[in-house]
Trainee: 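Quick one: this structure, given as structure tokens, is what I'll be asking you about.
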Amino acid sequence: MNMSLMIPLAERTAVLIVAALLFTRVRAFRSILNQQATWREKAVMVLIFSAISILGTYNGIWYQDAIANSRVIGTVVAGLLAGPWVGLMTGLVAGIHRYSLGGFTDLACTISTISEGVMAGLIYQFRRNRNQEIGWTTALVVGFLAEWMQMGIILLVARPYEDALALVQSISIPMSVVNSLGIAILIIIIDLVKKEEDRIGALQAQRTMQVADKTLSYLREGLTYESAKKVAEEILRTTRVAAVAITDTRCVLAHVGAGSSHHVVGEGISTKATKEVLESKKLMIARTKEEIGCMETSCSLRYAIIVPLMRRREVAGVLKLYQDRSRMLSAVDLELVRGLGNLISTQLELAELEKQSRLLADAEIKALHAQINPHFLFNALNTIVSFIRFRPEQARELLIHLGEYFRRNLHDSSGYVSLAGELEHIEAYLAIERARFGEKLHVEYDIEAGVERYTVPGLILQPLVENAVKHGLLPKREGGTVKIRARRVQHDTLELTVADDGVGMDTDPFLLAQTQKSDRRRLSGIGLSNVKNRLASIYGEPYGIVIESSAGKGTTCTIQLPIGVSSSAKSVHRG
């Protein structure tokens with residue numbers, strides 16, 4: 001045993017560890033640590049650890065026509081970090097390189113280098129299947145085993161045997177001690193890198209959540225000048241960047257912080273980097289003023305991270321975090337802007353879906369009007385024609401009611417009206433129906449004083465009254481009564497009731513609306529479903545509509561609404 005090799009080997013191993021430490025800054029390396037690497041990144045890892053192994057060979061000490069070296073560090077660490085395939089390929093590259101250098105142990109060292117990478121990879125696989133981490137103690141043991149396996153292969157393959165035995169006796173202890181310690185130290189360093197990644201991720205997540213908590217409500221209406229400014233200001237307050245900017249595909253929507261004197265809101269996009277991101281749809285890091293492409297010579301912004309904001313797989317704009325000469329953009333800033341870009345893109349998608357949902361609800365109401373109004377109009381006109389000759393004054397009043405009915409229907413019924421306005425709409429409809437059916441139709445109002453001024457969603461009661469008349473009372477030979485009631489319950493809830501003593505039903509009305517094939521019943525079902533869905537989307541639980549009905553006894557529809565500010569950002573007057 002030649003102990004004089006111990007110190008030179010330790011010195012060379014230290015150089016190798018420093019080189020490996022530099023490689024930990026490579027992004028592919030960090031992806032492997034988080035078990036997110038693609039095959040392309042694994043190929044990069046093979047190149048990195050092959051380079052470390054080859055450096056370990058070149059940095060070795062020629063001794064008795066062989067090399068006392070630290071090549072094992074690269075192959076074993078590759079296998080322990082990324083599995084058998086990366087260990088095999090790293091060992092193959094490093095082994096072929098060692099074979100090219102010659103010496104009586106060239107073939108033995110080639111075989112042992114490949115075997116060490118595969119063995120370490122299999123240990124990685126075994127520990128991973130048991131959800132166990134590769135710690136420094138495991139790495140130390142694997143390093144010893146790898147070195148002694150190499151010594152055994154040298155004794156089996158290298159010839160002459162006497163020279164191989166003498167070599168193993170001289171280098172086995174120094175190499176196994178130094179290299180196993182080197183592997184353990186490198187695993188400790190890599191573990192520290194993992195913890196650094198976790199810390200960066202946690203800090204980025206914390207900042208993203210802070211920004212999200214303040215900005216999500218701003219983006220409900222999409223990407224506008226107002227929403228972009230509020231989001232940019234909040235990001236600037238939360239982070240340590242010099243400036244934040246948001247654009248759409250044509251112009252600057254917001255720019256807060258440094259450079260706002262010439263990065264003017266409303267102007268067209270002028271920076272080269274922003275145009276490239278809009279075109280490529282990929283994140284870009286600009287590390288110089290020239291890469292940013294600002295035409296202003298006195299601009300203090302020197303670095304930028306630019307991320308595209310996506311909506312329905314198309315670029316809707318960009319988010320830009322700038323830094324000046326005072327400090328460079330950090331890894332935390334990079335991860336933060338990635339997270340914020342994804343967050344804002346998701347919110348823009350939700351805003352688009354909400355807009356589409358509102359348009360769909362409006363379209364359903366318009367479709368309902370388009371299908372119901374012609375039938376109602378023809379019946380109303382026939383009634384008025386029959387009144388003109390014998391009761392012209394009543395015909396005149398019916399025409400006034402008909403005009404009022406259609407005027408309100410043509411108004412934006414998806415918006416909000418006063419309860420008094422909704423009741424006038426109902427009365428215009430009922431006046432015409434009473435003229436048609438005479439004594440078969442009776443109407444009773446029970447409206448608590450003062451509730452008429454409260455605001456309600458438009459066309460929220462009229463479909464219920466129409467449903468009560470058409471499908472509750474008119475099928476009865478003797479007709480019946482519709483009761484309309486409005487009152488305040490507790491201190492913050494408005495209760496609206498439409499009840500009839502008609503034929504009733506013993507089936508869920510919403511289920512009936514989905515399964516009934518009759519055109520008349522289907523139209524009524526659309527009205528009921530629309531009322532239910534609109535209330536659910538505007539107010540949510542516990543507000544909405546409750547329908548109670550039994551065959552032969554009639555139907556009662558009860559709506560409860562909050563008295564206050566609605567969730568649709570439209571003011572509802574308080575009493």
Side-chain angles (χ1 to χ4, degrees), residues 1-26 29 45 47-81 87 90-91 93-106 108-110 112-113 116-117 120 134-154 158 163-164 166-193:
M1 179 177 64
N2 189 350
M3 295 302 293
S4 63
L5 289 173
M6 188 79 74
I7 293 178
L9 272 176
E11 291 173 346
R12 287 161 171 75
T13 300
V15 172
L16 205 63
I17 290 173
V18 171
L21 180 60
L22 296 177
F23 278 125
T24 62
R25 315 317 297 175
V26 177
F29 192 100
M45 292 296 290
L47 294 177
I48 290 174
F49 282 105
S50 296
I52 292 173
S53 294
I54 291 171
L55 179 60
T57 300
Y58 276 128
N59 207 30
I61 303 168
W62 279 96
Y63 184 80
Q64 297 181 10
D65 199 28
I67 304 175
N69 62 83
S70 300
R71 181 176 56 251
V72 66
I73 293 178
T75 53
V76 168
V77 172
L80 290 177
L81 287 182
T90 302
V93 172
I96 292 173
H97 170 265
R98 170 63 187 89
Y99 186 78
S100 68
L101 298 179
F104 82 101
T105 61
D106 53 0
C109 289
T110 300
S112 64
T113 301
E116 288 162 353
I134 301 289
W136 69 269
T137 53
T138 302
L140 187 69
V141 172
V142 172
F144 268 110
L145 292 175
E147 280 295 357
W148 284 103
M149 181 174 68
Q150 177 176 251
M151 300 305 157
I153 293 173
I154 289 173
D163 292 347
L167 177 66
V168 168
Q169 289 174 339
S170 298
I171 68 173
S172 58
I173 298 298
M175 283 184 61
S176 59
V177 170
V178 172
N179 289 340
S180 58
L181 286 174
I183 292 170
I185 291 171
L186 191 52
I187 290 296
I188 291 173
I189 291 172
I190 290 170
D191 189 53
L192 293 175
V193 172

Trainee: Find the distance between CD1 (Ile187) and CD1 (Ile73) and round it off to the nearest 0.5 Å.
Mentor: 11.0 Å
Trainee: Nearest 0.5 Å, please: how far is CG in Asn69 from CD1 in Ile61?
Mentor: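 That separation rounds to 9.5 Å.
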Trainee: Just jot down the side chain to side chain donor-acceptor pair (under 3.5 Å) partners of Tyr58, sequence neighbours excluded, or say none.
Mentor: His97
Trainee: Would you check, one step at a time, whether the test side-chain contact (heavy atoms from CB on, under 4.5 Å) holds for Val178 with Arg12?
Mentor: CA-CA 10 Å; Val178 172; Arg12 287 161 171 75; over 6 Å; no
Trainee: May I have all residue pairs that pass salt bridge (charged side-chain N to carboxylate O under 4.0 Å, His left out) and include part of residues 177-193, sequence neighbours excluded?
Mentor: Asp191-Lys195
Trainee: What's the verdict on side-chain contact (heavy atoms from CB on, under 4.5 Å) for Ile183 and Leu140, showing C-alpha distance, side-chain angles and the deciding distance?
Mentor: CA-CA 7 Å; Ile183 292 170; Leu140 187 69; over 6 Å; no
Trainee: Can you name the residues that form a salt bridge (charged side-chain N to carboxylate O under 4.0 Å, His left out) with Asp163, not counting sequence neighbours?
Mentor: none
Trainee: At their closest point, which heavy atom of Gly91 faces which heavy atom of Thr75, and how far apart are they?
Mentor: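 Closest approach of Gly91 to Thr75: CA-CG2, 3.7 Å.
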Trainee: Kindly compute the distance separating CG (Leu47) from CD1 (Ile52), expressed to the nearest 0.5 Å.
Mentor: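 Those atoms lie 11.5 Å apart.
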Trainee: With side chains defined as the heavy atoms from C-beta onward, is the minimum distance between Met175 and Ser180 less than 4.5 Å?
Mentor: no
Trainee: Spell out, as yes or no, whether a donor-acceptor pair under 3.5 Å connects the side chain of Asn59 to the backbone of Thr57.
Mentor: no
Trainee: With sequence neighbours left out, what residues match Thr110 under side chain to side chain donor-acceptor pair (under 3.5 Å)?
Mentor: none
Trainee: Locate the shortest heavy-atom distance separating Val72 from Ala146; write the atom from each residue and the value.
Mentor: CG2-CB, 3.9 Å
Trainee: Kindly say whether Ile134 contributes a backbone atom to a donor-acceptor pair with the side chain of Thr138 at under 3.5 angstrom?
Mentor: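 Answer holds: no.
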Trainee: Compare every heavy atom of Leu101 with every heavy atom of Ile67, then report the nearest pair and how far apart it is.
Mentor: CD1-CD1, 4.1 Å
Trainee: Say you draw a straight line from CD of Gln64 to OG1 of Thr105; how long is it, rounded to the nearest 0.5 Å?
Mentor: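 Between atom CD of Gln64 and atom OG1 of Thr105 there are 10.5 Å.
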Trainee: Assess, by modelled atom type and distance only, whether the side chains of Thr13 and Ser70 contain a donor and an acceptor separated by less than 3.5 Å.
Mentor: yes
Trainee: Provide the closest heavy-atom pair for Ala66 versus Phe104 in the form atom of the first, atom of the second, distance.
Mentor: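 Result for this residue pair: CB-CE2, 4.5 Å.
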Trainee: Roughly how far, to the nearest 0.5 Å, is CD1 of Ile185 from CD1 of Ile17?
Mentor: 4.5 Å
Trainee: Not counting sequence neighbours, list each pair that qualifies as a side chain to side chain donor-acceptor pair (under 3.5 Å) and has a residue in residues 140-152.
Mentor: Ser112-Gln150, Glu147-Gln150, Glu147-Asn179
Trainee: Looking at every non-hydrogen atom in both residues, tell me the closest pair between Ala158 and Ala108 and how far apart they are.
Mentor: N-CB, 4.3 Å
Trainee: In this structure, are over 12 heavy atoms from other groups packed under 6.0 Å from Tyr99 atom OH?
Mentor: no
Trainee: Give me the atom names and distance for the closest heavy-atom approach of Phe49 to Gly74.
Mentor: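 What the structure gives for the nearest pair is CD2-O, 3.5 Å.
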Trainee: Applying side chain to side chain donor-acceptor pair (under 3.5 Å), can you list everything that pairs with Thr90, at least two apart in sequence or on another chain?
Mentor: none
Trainee: Using modelled atom types and a 3.5 Å cut-off, is there a donor and acceptor pairing between side-chain atoms of Arg98 and backbone atoms of Gly102?
Mentor: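 Yes, Arg98 side chain to Gly102 backbone: donor-acceptor pair under 3.5 Å.
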Trainee: Say you draw a straight line from CD of Glu116 to OG of Ser53; how long is it, rounded to the nearest 0.5 Å?
Mentor: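 Rounded to the nearest 0.5 Å, the CD-OG separation comes out at 9.0 Å.
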Trainee: Output, in order, the C-alpha distance, side-chain angles, deciding distance and verdict of side-chain contact (heavy atoms from CB on, under 4.5 Å) for Ile190 and Leu81.
Mentor: CA-CA 9 Å; Ile190 290 170; Leu81 287 182; 3.4 Å; yes
Trainee: Counting N and O atoms only, with roles assigned by atom type, does the side chain of Asp65 sit under 3.5 Å from a partner on the main chain of Gly103, one being a donor and the other an acceptor?
Mentor: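 Looks like no, no N/O pair under 3.5 Å.
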